[in-house]
K.L.:
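What follows is a structure written as structure tokens; I'll ask about it next.
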Amino acid sequence: MYLHGTSTINSNGHLEIGGCDVTDLANKFGTPLYIVDEALVRQRAKEYVEAFKASGLKFQVAYASKAFSVMAMCAIAEQEGLSLDVVSDGELYTALQAGFPVERIHFHGNNKTPEEINMALDAGIGCFVVDNFIELHLLNALAADKGKKVNILLRITPGVEAHTHDYISTGQQDSKFGFDLGNGAAKQAIEQAIALPNLEVLGVHSHIGSQIFEVEGFRMAVDKVADFAVAIRSELGLTFKVINLGGGFGIRYVEGDTPLPISEYVGAITGAIKAKFTEAEFPLPEIWVEPGRSMVGDAGTTLYTVGTSKHIPGVRKYIAVDGGMTDNPRPALYQSQYEAILANRANDVKEETVSIAGKCCESGDMLIWDLELPKAESGDLLAVFCTGAYNYAMASNYNRIRRPAVVFVKDGEADLAVKRESLDNIVCNDVIPARLQKSTLAK
Ligand SMILES: Cc1ncc(COP(=O)(O)O)c(C=O)c1O
Ligand SMILES: N[C@@H](CCCC[NH3+])C(=O)O
């Protein structure tokens with residue numbers, strides 16, 4: 001059994017996270033429940049900051065809030081000295097409501113609306129990562145309307161294939177994101193941006209994908225970006241002050257996943273930057289990164305209650321839990337794999353191989369196939385590990401299932417960070433048009 005962060009099995013054979021017995025958490029907050037190990041999140045943040053400090057380069061570590069955007073998480077990011085990457089008005093609003101310093105917020109996205117851009121301009125956002133030509137000119141015009149000059153990075157597509165799932169690979173030429181480096185679009189974008197009076201070009205951004213275990217892709221991205229920086233300086237006279245290398249650093253979900261320590265990813269990037277830029281006699285730029293998954297992924301655990309089961313002799317035994325693809329769509333979307341234990345009987349002998357099903361009316365609503373467990377009964381608790389990133393963030397109300405609560409645990413204390421949705425929340429935005437109301441139809 002692989003336990004992350006502060007997770008441990010206590011003398012009652014119960015899973016304990018952040019000093020809290022999960023059976024107590026289930027009684028107090030109900031299930032399904034997302035549990036966040038705050039100490040582990042803070043440790044990950046510190047690992048990034050320390051690794052960059054060791055490099056001697058100027059840096060910003062921007063937590064990619066798409067992985068898990070809630071106000072409590074923004075508060076922790078701020079306390080740890082991180083910046084924040086947001087991709088929508090909703091993520092921006094979350095950060096602002098949490099009091100996150102707006103000058104440390106970077107705004108991403110391949111289709112920012114004029115409303116979103118205006119909201120960010122009014123708030124005084126630190127930097128826009130511009131994705132395409134339409135946005136470039138729209139942003140300049142909207143900034144001009146407000147008499148502002150805004151910092152931008154241009155997102156480039158470096159033409160690097162990251163070894164990961166196709167759906168989360170973004171550095172290849174055939175991608176919806178960014179200006180293509182290979183076909184000259186990136187240079188054209190810089191040329192146009194320099195000429196736009198309300199934009200200040202700080203440099204470029206590249207993000208090659210997510211859940212990456214090797215440093216090779218990052219090194220190749222650095223090579224390409226550095227060559228581009230040198231060409232732009234000699235051809236257009238602009239010196240990049242900032243290079244943003246995105247996120248994508250992998251984590252261990254299951255045995256066989258082989259992520260590197262954070263210090264190694266950062267060391268590879270900063271080492272490659274120093275080598276390339278020194279060789280080119282180019283002033284060392286400030287390096288920004290945007291880790292999401294590696295900041296929160298392994299700090300999250302989802303706790304479920306076992307309900308029904310179905311045994312098909314000689315075929316399979318299904319165990320159903322009170323959540324599923326609505327709180328964790330990743331197995332259905334990416335065939336992602338997870339490890340799990342019976343959290344209230346963690347020391348019991350594993351007696352059977354079962355498959356964990358969710359409660360949606362959907363055959364694909366499966367969380368884990370072929371998991372070794374003790375004989376699970378209704379009312380047992382199942383803990384699925386490594387659900388901190390892209391789980392709550394991607395949760396839905398399919399089948400009108402309510403989204404779970406989120407608690408942060410640390411040193412024996414458990415605090416609610418997001419309330420469980422109520423049935424009223426489910427219908428609060430519904431309206432029955434007057435012509436469909438019973439009173440009207442009766443007439
Ligand atoms: C532009 C950008 N930055 C950062 C991230 C965060 O990636 P990860 O969660 O893999 O660190 C993503 C998601 O892949 C992204 O698209
Ligand atoms: N949602 C994806 C990651 C997307 C990364 C964002 N660009 C996942 O769960 O693995």
Side-chain angles (χ1 to χ4, degrees), residues 41 44-45 47-48 60-69 73 77 82-88 91 105-112 127-132 135 152-158 160 162-172 175-179 204-215 217-218 221 225 243-254 257 259-260 262 265-266 269 287-300 302 325 327-338 367 384 386-396:
V41 174
R44 296 291 181 235
E47 285 174 43
Y48 275 104
Q60 280 192 41
V61 176
Y63 165 59
S65 72
K66 73 201 80 182
F68 177 55
S69 167
M73 185 59 208
L82 307 182
S83 299
L84 205 70
D85 146 14
V86 302
V87 290
S88 70
E91 286 186 0
I105 303 180
H106 311 158
F107 200 169
H108 256 289
N110 68 312
N111 188 18
K112 303 175 188 79
C127 183
F128 283 89
V129 184
V130 175
D131 182 272
N132 53 71
E135 182 193 338
I152 65 161
L153 294 179
L154 289 150
R155 177 165 184 170
I156 62 169
T157 318
V160 171
H163 295 140
T164 186
H165 194 289
D166 280 354
Y167 287 9
I168 51 179
S169 177
T170 52
Q172 72 282 7
S175 156
K176 74 168 182 172
F177 299 106
F179 300 97
V204 288
H205 168 281
S206 142
H207 171 79
I208 57 173
S210 193
Q211 184 62 352
I212 298 167
F213 293 146
E214 304 147 10
V215 293
F218 296 104
V225 169
I243 306 281
N244 184 331
L245 288 155
F249 316 105
I251 64 170
R252 181 201 182 282
Y253 285 96
V254 292
D257 286 346
L260 298 167
I262 285 168
Y265 288 114
V266 174
I269 287 175
I287 301 305
W288 296 2
V289 286
E290 299 165 339
R293 191 191 311 274
S294 53
M295 200 67 84
V296 288
D298 57 359
T302 310
M325 69 189 298
D327 58 79
N328 184 359
R330 298 190 73 258
L333 270 175
Y334 318 115
Q335 304 79 47
S336 308
Q337 295 187 334
Y338 287 90
L367 288 175
V384 177
C386 253
T387 59
Y390 305 111
N391 275 222
Y392 176 77
M394 293 174 77
S396 79

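Order of listing sets the numbers, starting from 1, for every ligand and every atom in it.
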K.L.:
Can you tell me if Tyr392 uses its side chain to pair, donor with acceptor, with the backbone of Phe68 under 3.5 Å?
P.N.:
no

K.L.:
Quick one: which ligand 1 atoms are inside 4.0 Å of a heavy atom on Tyr390?
P.N.:
6 (C), 7 (O), 8 (P), 9 (O), 13 (C)

K.L.:
Looking only at heavy atoms, which two atoms of Ser206 and Ala221 are closest? And how far apart?
P.N.:
OG-CB, 3.9 Å

K.L.:
In terms of atom number and element, which parts of ligand 1 are under 4.0 angstrom from non-hydrogen atoms of Gly248?
P.N.:
7 (O), 8 (P), 10 (O), 11 (O)

K.L.:
Answer yes or no for Arg155 and Phe177: cation-pi contact, defined as NZ/CZ to six-membered ring centre under 6.0 Å and angle to ring axis within 45°.
P.N.:
yes

K.L.:
Considering only heavy atoms of Met394, which atoms of ligand 2 have at least one such atom less than 4.0 Å away?
P.N.:
1 (N), 9 (O)

K.L.:
Determine the sole option in Asn328, Thr302, Asp298 for which the side chain to side chain donor-acceptor pair (under 3.5 Å) test with Thr387 is passed.
P.N.:
Thr302

K.L.:
Taking C-beta and beyond as the side chain, do Ile269 and Phe249 meet within less than 4.5 Å on heavy atoms?
P.N.:
yes

K.L.:
Please confirm whether Ser294 comes under 4.0 Å of ligand 1, counting heavy atoms of the residue only.
P.N.:
no

K.L.:
What atoms of ligand 2 come within less than 4.0 Å of a heavy atom belonging to Tyr334?
P.N.:
1 (N), 2 (C), 8 (C), 9 (O), 10 (O)

K.L.:
Can you tell me if Met295 has a non-hydrogen atom under 4.0 Å from ligand 1?
P.N.:
no

K.L.:
Quick one: are Asp257 and Gln337 in side-chain contact, heavy atoms under 4.5 Å?
P.N.:
no

K.L.:
Taking ring pair (Phe, Tyr, Trp, His ring centres under 6.0 Å) as the criterion, tell me which of Tyr63, Trp288, Phe128 meets it with His106.
P.N.:
Trp288

K.L.:
Can you list the ligand 1 atoms lying under 4.0 Å from a non-hydrogen atom of Asp85?
P.N.:
3 (N), 4 (C)

K.L.:
Would you mind running through ligand 1 and noting each atom that sits below 4.0 Å from a heavy atom of Arg293?
P.N.:
8 (P), 9 (O), 11 (O)

K.L.:
Numbering the atoms of ligand 1 from 1, which are under 4.0 Å from a heavy atom of Gly247?
P.N.:
4 (C), 11 (O)

K.L.:
Just do the side chain to side chain donor-acceptor pair (under 3.5 Å) check on Gln60 and Ser83 with the steps written out, would you?
P.N.:
CA-CA 6 Å; Gln60 280 192 41; Ser83 299; 2.6 Å; yes

K.L.:
Does the N or O separation between Gly292 and ligand 1 drop below 3.5 Å for any pair?
P.N.:
yes

K.L.:
Assess the residue pair His205 and His108 against the criterion (ring pair (Phe, Tyr, Trp, His ring centres under 6.0 Å)); give the C-alpha distance rounded to whole Å, side-chain angles, the decisive distance to 0.1 Å, and a yes or no.
P.N.:
CA-CA 10 Å; His205 168 281; His108 256 289; 4.5 Å; yes

K.L.:
Could you tell me whether Arg155 and ligand 1 have an N or O pair separated by under 3.5 Å?
P.N.:
no

K.L.:
Could you tell me, atom by atom, which parts of ligand 1 come under 4.0 Å of a heavy atom of Ser210?
P.N.:
8 (P), 9 (O), 10 (O), 14 (O)

K.L.:
Looking only at distances, please establish whether an N/O atom of ligand 1 is found under 3.5 Å from an N/O atom of His205.
P.N.:
no

K.L.:
Which atoms from ligand 1 have a heavy atom of His108 less than 4.0 Å away?
P.N.:
1 (C)

K.L.:
Which is closest to atom 10 (O) of ligand 2 by heavy-atom distance: Arg293, Lys66, His207?
P.N.:
Arg293

K.L.:
Just so I know, are the side chains of Tyr253 and Ser336 near enough to count as touching, which here means a heavy-atom distance under 4.5 Å?
P.N.:
no

K.L.:
Are side-chain N/O atoms of Glu91 and Ser65 paired as donor and acceptor at under 3.5 Å?
P.N.:
yes

K.L.:
Is Lys112 paired with Asp131 through a side-chain N to carboxylate O contact shorter than 4.0 Å?
P.N.:
no

K.L.:
List ligand 1 atoms under 4.0 Å from Glu290, heavy atoms only on the residue side.
P.N.:
1 (C), 2 (C), 3 (N), 4 (C), 5 (C), 6 (C), 11 (O)

K.L.:
Where does Phe177 meet ligand 1, judged by heavy-atom distances below 4.0 Å: at the side chain, the backbone, both, or neither?
P.N.:
neither

K.L.:
Quick one: does Ala67 get within less than 4.0 Å of ligand 1, heavy atoms only?
P.N.:
no

K.L.:
Polar contacts were defined as any N/O atom of the residue lying under 3.5 Å from an N/O atom of the ligand; does this apply to Pro291 and ligand 1?
P.N.:
no

K.L.:
Classify the contact between Gln211 and ligand 2 as side chain, backbone, both or neither, using a heavy-atom distance cut-off of under 4.0 Å.
P.N.:
neither

